[in-house]
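Computed from a predicted model, the values in this text were never measured in an experiment.
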Amino acid sequence: MKKILFILVSLFLITACAHIPPPGKITYKGALYEYFVVAEGGSQGSINNLGEIVYITRAGMISTTRGRLKDTSYDKRFPRINDSGEVVYCGPAKPTGEGPWTVYSTARGRIAYGFTPSINNSGEIVYMVEQAYRPTINSVNRGTLVTIKNGPAGYHLDINNSGEVIYKVNNKIFSTTRGLITTVAGSAPSGITINNLGDILYSSIKGVFYMDGTNLTAELSKISKLSRFGGPVDVNDYGDFVFSLWFSGSDKSYLLLATQRPEYYENKYNYWKKFPDNKIPSAP
């Protein structure tokens, strides 16, 4: 009994430490980042404070520490992971691919009908529901948070530990606590994310961007003129973020990690290769 209690306390302390943000303000500047290839052909990545990343491949939903995750849904999409390792994602209601899109949890099973869920460390799950051409953002704890009246939503949203939810409508990014964050010029955001420090990043075909209030302060991950970005982006409390990169004129795509602490990931995943590198590993 004492041994079991010791193990539980140890796991609690490890997870609790992961919830503590790093000291000082993170400087989001492309020159400070190094890049690693998480998976060739991987996409829709999500990262927690322990450095575990989940993403989608043709083989299913993959964790960088646990391998292929067992699940019940067909055609999994848009996973998000919290620090306890619980993953939420969406997919069709039936294994045949039929039925309305449904939100699932690896720990709790089916949650509700909806799209693009997100989860925080308290276990609160938020997701998008489209009803009568007026999408709503729903929470399993607080009910309907937002009704989107003007224009289609982008269906991407994110929640942090304080319960702040960010979402996008066309070229605008909103927060449930701060209101309109910014209007993005040019290409509309394809993915958005917020961490527990309140830092907001978004992705578009041009790159990954950091938002400070209403001002664009830094363009991140500008690696090659031949590459294009897009899809979900996810950031943790250390400023590490994951995103997808495609190359024009080829069928190559990569899920990449950007980090200012490369030694942490070199120790955690010693088989990873920095990007660019001719010896790029294949996805599991």
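- Taking the ring centroids of Tyr35 and Phe275, they lie at or beyond the 6.0 Å cut-off.
- Asp83 and Asn49 form a side-chain donor-acceptor contact under 3.5 Å, judged by distance and modelled atom types alone.
- Remark: Arg261 qualifies as a cation-pi partner of Tyr238 under the 6.0 Å distance and 45° angle criteria applied to the six-membered ring.
- Tyr269 and Tyr271 have perpendicular rings, their planes meeting at more than 60° on a 0 to 90° scale where under 30° would count as parallel.
- His156 has its ring centre less than 6.0 Å from the ring centre of Phe78.
- No side-chain donor from either of Thr144 and Thr136 sits under 3.5 Å from a side-chain acceptor of the other.
- At distances below 3.5 Å, not a single donor-acceptor pair connects side-chain atoms of Asn161 with backbone N or O atoms of Asn196.
- The side-chain hydrogen bond (donor to acceptor under 3.5 Å, both in side chains) test with Ser46 singles out one residue from Asp158, Asn82, Thr193, Asp234, and that residue is Asp234.
- In this structure, the side-chain hydrogen bond (donor to acceptor under 3.5 Å, both in side chains) partners of Asn236, at least two apart in sequence or on a different chain, are Asp240.
- Applying the salt bridge (charged side-chain N to carboxylate O under 4.0 Å, His left out) criterion to Arg68, with sequence neighbours excluded, gives no partner residue.
- Not a single donor-acceptor pair under 3.5 Å links the side chain of Ser187 to the backbone N or O of Ile205.
- Between Arg142 and Glu124 there is a salt bridge, since at least one side-chain N of the basic residue sits less than 4.0 Å from a carboxylate O of the acidic one.
- Within the structure, salt bridge (charged side-chain N to carboxylate O under 4.0 Å, His left out) pairs that include any residue of residues 48-59 comprise Glu52-Arg66 (at least two apart or interchain).
- Counting all heavy atoms, side chain and backbone alike, Arg80 lies closest to Ile119 at O-CG2, 3.8 Å.
- Note: Phe209 and Tyr202 have parallel aromatic rings, judged against thresholds of 30 and 60 degrees for the angle between ring planes.
- Side-chain N or O atoms of Thr102 include one that pairs as donor or acceptor with a backbone N or O of Pro100 at under 3.5 Å.
- A donor and an acceptor atom, one from each side chain of Glu86 and Ser105, are located under 3.5 Å apart.
- Using cut-offs of 30° and 60° for the angle between ring planes, the Phe36 and Tyr265 rings count as tilted.
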